[in-house]
Amino acid sequence: MNARQRLEQLWARGRDYLGTERAIMGGAMTWVSDRNLVAAISNAGGFGVIASGSMSPDLLRAEIQATQALTTKPFGVNLITLHPQLDQLVQVCLEEKVGHIVLAGGLPPGAAIKAARDGGARVMCFAPALVIAKKLIRSGADAIVIEGAEAGGHIGPVSTSVLAQEILPEIRDVPVFVAGGIGRGDAIVSYLEMGAAGVQLGTRFVCATECRAHPKFKQAFIRGHAREALASVALDARFPVIPVRALQNEGTKRFMEKQREVIARFDAGELDQKAAQLEIEHYWAGALRRAVIDGDVENGSLMAGQSVGMVTKEQPVAEILAELVEQAETALARRG
Ligand SMILES: Cc1cc2nc3c(=O)[nH]c(=O)nc-3n(C[C@H](O)[C@H](O)[C@H](O)COP(=O)(O)O)c2cc1C
């Protein structure tokens with residue numbers, strides 16, 4: 001068996017599940033993963049996923065239809081489970097015949113999983129731990145995504161390599177896709193060999209030619225190194241901060257000052273706990289849009305994974321996927 005056949009065999013389950021030529025998902029990225037990037041990934045044989053972020057049901061419907069106008073290949077929609085209109089968003093996906101719904105951002109309610117499944121969609125859920133993966137499968141999830149702390153955006157505390165070792169050998173009933181820190185085909189092969197059905201990459205697709213991100217946002221990724229893509233930290237345990245991995249800039253520096261200032265006002269009795277927590281949380285409101293769309297790379301949020309160091313130029317999606325596959329096949333050929 002040659003390297004190409006071996007790769008086909010290794011990711012056959014993922015390809016079947018996604019309905020694609022390659023079991024590589026383009027992870028949904030808010031403001032980044034719109035119709036253009038999603039259609040480009042799917043047209044190139046991968047699996048694009050629309051990031052619905054805080055879109056209303058009407059906006060999501062328009063984005064799905066616009067994507068369908070650009071590709072006839074399968075793609076998914078990522079829904080944030082905390083969205084107040086989650087049920088309506090699921091219905092929109094079903095009405096528009098979206099094949100795969102990805103539920104992200106917190107534990108999805110069983111009712112949403114059931115509604116999506118009953119409506120004929122496949123349902124992928126993020127599992128931050130083995131027990132949760134098992135619970136989600138019992139609730140009807142038919143695939144799991146495990147995303148390690150190397151990833152860009154909102155992250156959990158555990159690295160991809162540890163999650164993969166904990167979860168891949170234990171979950172065999174449904175396909176598991178591995179995300180976080182994957183920048184090359186060699187890494188894809190190792191997770192497939194450990195039992196993954198496929199992979200999901202986000203950071204690596206930001207500088208795709210087809211991606212609408214502002215040129216300054218892309219430039220920050222091309223210049224960025226792994227060591228600069230850091231997780232946000234809480235200054236004080238009384239005021240937790242959801243960890244987000246992003247390239248450091250003026251905005252991340254000022255976030256520390258903001259926390260310091262708010263905590264001082266709380267300690268002085270000027271703010272109550274709730275108001276202080278809200279003020280800290282609101283600091284980043286709209287910040288990703290400012291960076292991705294407006295190109296404000298100093299003050300906006302430059303969410304990026306540690307694999308950002310492997311992003312070296314702007315290039316078409318088809319070229320990125322071809323590179324990943326070539327690296328995967330080279331790695332397999334070396335194994336003999
Ligand atoms: C700019 C940016 C925005 C993201 N937004 C979302 C999102 O809205 N929903 C989600 O589930 N994941 C989001 N992610 C995570 C990606 O979908 C993907 O899982 C992650 O980027 C994979 O890790 P990698 O960046 O190391 O490739 C985002 C990541 C980045 C870099």
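All ligand and atom numbering here is 1-based and tracks the order in the structure.
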Quiz prompt | Region of Ala151 that comes within reach of ligand 1 [heavy atoms, distance under 4.0 Å] | solution = both
Self-check item: Met303, portion touching ligand 1 at heavy-atom distance under 4.0 Å
Solution: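 The part of Met303 near ligand 1 is both the backbone and the side chain.
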As an exercise, identify every atom of ligand 1 less than 4.0 angstrom from a heavy atom of [X].
X	answer
Ala104	11 (O)
Leu201	27 (O)
Gly180	22 (C), 23 (O), 26 (O)
Thr203	21 (O), 24 (P), 25 (O), 27 (O)
Gln200	17 (O), 18 (C), 19 (O)
Gly181	24 (P), 26 (O)

Quiz item: Any N or O on Ala51 sitting closer than 3.5 Å to an N or O of ligand 1?
Solution: no
Quiz item: Looking at ligand 1, does any of its N/O atoms fall within less than 3.5 Å of an N/O of Ala179?
Solution: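 Among all N and O atoms of Ala179, none is under 3.5 Å from an N or O of ligand 1.
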Quiz item: Which of these, Glu279, Glu250, Glu281, sits in a salt bridge (Lys or Arg N to Asp or Glu O under 4.0 Å) with Lys258?
Solution: Glu279
Heavy-atom distance to [atom]: which of [options] wins?
atom	options	answer
atom 30 (C) of ligand 1	Met29, Met310, Arg245	Met29
atom 5 (N) of ligand 1	Thr30, Ile146, Val32	Thr30
atom 13 (C) of ligand 1	Gly27, Ala28, Gly153	Ala28

Exercise. Compute the minimum heavy-atom distance from Arg204 to ligand 1 and say whether it is under 4.0 Å.
Key: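 It does not; every heavy atom stays at 4.0 Å or beyond.
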Quiz item: Does ligand 1 have an atom under 4.0 Å from some heavy atom of Gly53?
Solution: no
Practice problem: Decide yes or no for Leu201 and Val199: does some side-chain heavy atom of the first lie under 4.5 Å from some side-chain heavy atom of the second? | Solution: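 Side chain of Leu201 against side chain of Val199, heavy atoms only: contact under 4.5 Å found.
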Is it true that [X] and [Y] have a side-chain N and a carboxylate O under 4.0 angstrom from each other?
X	Y	answer
Arg265	Asp272	no
Asp173	Arg138	no
Glu326	Arg184	no

